[in-house]
There are 2 protein chains.
Amino acid sequence: MRDEVDDLVEAWGRERGDLDLAPVEVFSRISRLARHLDLARRDAFTAHGIESWEFDVLAALRRAGSPYELSPGRLLRETLVTSGTMTNRVDRLAARGLVERLPDPKDRRGVLVRLTVEGKAAVDGAFEALLAAEADLLADLPDKQRTQLAGLLRSLLAPFS
Amino acid sequence: MRDEVDDLVEAWGRERGDLDLAPVEVFSRISRLARHLDLARRDAFTAHGIESWEFDVLAALRRAGSPYELSPGRLLRETLVTSGTMTNRVDRLAARGLVERLPDPKDRRGVLVRLTVEGKAAVDGAFEALLAAEADLLADLPDKQRTQLAGLLRSLLAPFS
DNA sequence: GTGAGTTATCTCGACATCAAGACACATTCC
DNA sequence: GGAATGTGTCTTGATGTCGAGATAACTCAC
């Protein structure tokens, strides 16, 4: 079975036969899979009326557990965006009624972002759709190989933690 | 060895123990690795005075082989951006002297974008730096496992081609 | 050849993001 | 208690991208 990256490596090999292209075989596939996954996510979420960036924020709140509250600062560290972006995102999510802003009782500078009942329903539905879409992409890979793949990816990712 | 995704899966498991989170073990790692790789690319390219988007365009031209010419349309299909973006990118690359625009002798509507000598030198240097950075990320993974990983990723990616 | 439909590129307005800085409040140390 | 420093959030301006539309030129059937 051949994929896009085999073509890419072949083209580079023709032009730069002096270089060891083994890293490309791994990382170019990771980049491309990430791009395809983004599209699959977008589709799965669109069916539930939310967008990817909305899911990222709502999911962080959902994972925090009841009462589903986090500070904007914590949210931006979880989602790896800047503070300006997070202000904008929370504004729009609040306008849609999926989250609400509360004053932090412990710190008068602070704010807490809390998932509403509607927000919880939205993120739960979207997450189930995402899992279904991802399971689909994995359908052809036997369990044993999937586990092996997860393990290999973990050892690449672990140094970053 | 534990990574960020183990924490993520654990958190979801606490909240949604009813769901099979196996797909997350694969795809969340792929997304995160892609993000880390982007940062590593940025660093490697910065040392050579170019940016990631510049590399994407220059590399497509470089891979095409001598005389290093492609149409804007072909370039946007290779790099997956829209036409407005490509016009902007070619403008800026031409202003920096890394590419030049030529009329297409075969089609008077058309334009060819050609790598200059400076552009070729820039992309070759940047590609070597990228390979070195990627090889670094793979340093701890034995050859055999790297090959195995590439193979598993290929079987995930192949359906998209 | 002429006209309809297609293809290639560029232009332009809208928008989300980023990065830097402003502002308010907390905390610490003297 | 008061000054200096730290922390948390929001505001602002610049930038790159997208997407729709405009223009020019090609192709093919008649």
Side-chain angles (χ1 to χ4, degrees), chain A residues 31 34-36 38-39 41-43 45-46 49-58 60-61 64 69-96 98-115, chain B residues 31 34-36 38-39 41-43 45-46 49-61 64 69-96 98-114:
Chain A
S31 285
R35 203 155 44 218
H36 289 302
D38 264 356
L39 296 175
R41 270 167 55 106
R42 212 180 307 282
D43 287 348
F45 292 156
T46 299
I50 76 173
E51 299 182 46
S52 293
W53 65 264
E54 294 181 305
F55 179 81
D56 289 340
V57 177
L58 298 177
L61 294 169
E69 292 174 350
L70 290 174
S71 69
R74 178 75 187 282
L75 276 173
L76 62 88
R77 281 187 291 278
E78 293 265 341
T79 58
L80 302 176
V81 299
T82 59
S83 62
T85 300
M86 186 53 68
T87 298
N88 182 14
R89 288 184 174 188
V90 173
D91 283 350
R92 284 180 285 163
L93 285 168
R96 288 197 52 190
L98 301 178
V99 305
E100 52 192 349
R101 253 190 263 249
L102 310 169
D104 183 341
K106 299 272 173 47
D107 183 339
R108 265 187 300 172
R109 295 169 304 177
V111 168
L112 289 177
V113 181
R114 175 155 68 193
L115 212 52
Chain B
S31 285
R35 203 155 44 219
H36 289 302
D38 264 356
L39 296 176
R41 269 169 55 107
R42 213 180 305 284
D43 287 348
F45 292 156
T46 299
I50 76 172
E51 299 182 45
S52 293
W53 64 265
E54 293 180 304
F55 179 81
D56 289 339
V57 177
L58 298 176
L61 294 168
E69 292 174 351
L70 290 174
S71 69
R74 180 75 187 282
L75 277 174
L76 63 88
R77 281 187 291 278
E78 293 265 343
T79 57
L80 303 176
V81 298
T82 59
S83 61
T85 300
M86 187 52 69
T87 298
N88 183 14
R89 288 184 174 188
V90 173
D91 284 349
R92 283 180 287 163
L93 285 169
R96 287 197 52 190
L98 300 178
V99 304
E100 52 191 348
R101 253 190 263 249
L102 310 169
D104 183 341
K106 300 272 173 48
D107 183 340
R108 266 186 300 171
R109 293 170 303 180
V111 168
L112 290 177
V113 180
R114 176 156 66 193

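Here the structure is a predicted model, which is why all the values come from computation and not from measurement. In what follows, chains are A, B, ... by sequence order, proteins preceding strands, each numbered from 1.
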Output a table of donor-acceptor pairs, distance under 3.5 Å, between side-chain atoms of residues 102-110 of chain B and any protein atom two or more places apart or on a different chain; print 'none' if there are none.
{"unit_1": "B:D104", "atom_1": "OD1", "unit_2": "B:K106", "atom_2": "N", "d": "2.8"}
{"unit_1": "B:D107", "atom_1": "OD1", "unit_2": "B:R109", "atom_2": "N", "d": "2.9"}
{"unit_1": "B:D107", "atom_1": "OD1", "unit_2": "B:R109", "atom_2": "NE", "d": "3.2"}
{"unit_1": "B:D107", "atom_1": "OD2", "unit_2": "B:R109", "atom_2": "NE", "d": "3.4"}
{"unit_1": "B:D107", "atom_1": "OD2", "unit_2": "B:R109", "atom_2": "NH2", "d": "2.8"}

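- Going from atom CD of B:E51 over to atom P of C:dC18 covers 15 Å, rounded to whole Å.
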Requested in this report: Show your reasoning for whether side chain to side chain contact (heavy atoms under 4.5 Å, CB included) applies to A:L39 and A:R42.
Outcome: CA-CA 5 Å; A:L39 296 175; A:R42 212 180 307 282; 4.1 Å; yes
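- In this structure, CG of B:D38 is placed 16 Å from P of C:dT17, rounded to the nearest angstrom.
- Between the CG atom of B:D91 and the P atom of C:dT11 there is a distance of 7 Å, rounded to whole Å.
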Requested in this report: For each nucleotide in nucleotides 19-27 of chain D, reading 5' to 3', give B when a protein heavy atom comes within less than 4.0 Å of its base, S when such contact involves only the sugar-phosphate, and - otherwise.
Outcome: B----BBS-
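- Atom CG in B:L80 sits roughly 13 Å away from atom P in D:dT17 (whole-Å rounding).
- Contacts of B:R101 with the nucleic acid, taken as non-hydrogen atoms under 4.0 Å apart, involve only primed sugar atoms and P, OP1 or OP2.
- When heavy atoms are screened at a 4.0 angstrom cut-off, B:D104 is found touching no nucleic acid atom at all.
- The salt bridge (Lys or Arg N to Asp or Glu O under 4.0 Å) with A:E54 is formed by just one residue from the set A:R96, A:R89, A:R41; it is A:R96.
- The distance from the CG atom of A:N88 to the CH2 atom of A:W53 is 7.0 Å, given to the nearest 0.5 Å.
- Nearest-nucleotide positions on DNA chain C for A:V81 and B:S71 put B:S71 closer to the 5' end.
- The CH2 atom of A:W53 sits 7 Å away from the P atom of C:dT17 (whole-angstrom rounding).
- Of the residues listed (B:L93, B:L70, B:L61), the one engaging B:V113 in a side-chain contact (heavy atoms from CB on, under 4.5 Å) is B:L61, and it is the only one.
- Residue B:L112 holds its CG atom at 10.5 Å from CD of B:E100, rounded to the nearest 0.5 Å.
- Heavy atoms from other residues, nucleotides or ligands lying under 6.0 Å from CZ of B:R74 number 12 at most.
- Backbone-only engagement by B:R92 is indicated by non-hydrogen atom pairs under 4.0 Å involving sugar-phosphate atoms exclusively.
- Distance, B:D56 CG to D:dT17 C1': 14 Å, rounded to whole Å.
- In this structure, CG of B:N88 is placed 10 Å from P of C:dT11, rounded to the nearest angstrom.
- Between A:L76 atom CG and C:dA19 atom P the separation is 12 Å, expressed in whole Å.
- Distances shorter than 4.0 Å separate none of the side-chain N or O atoms of A:R74 from OP1 or OP2 on D:dG8.
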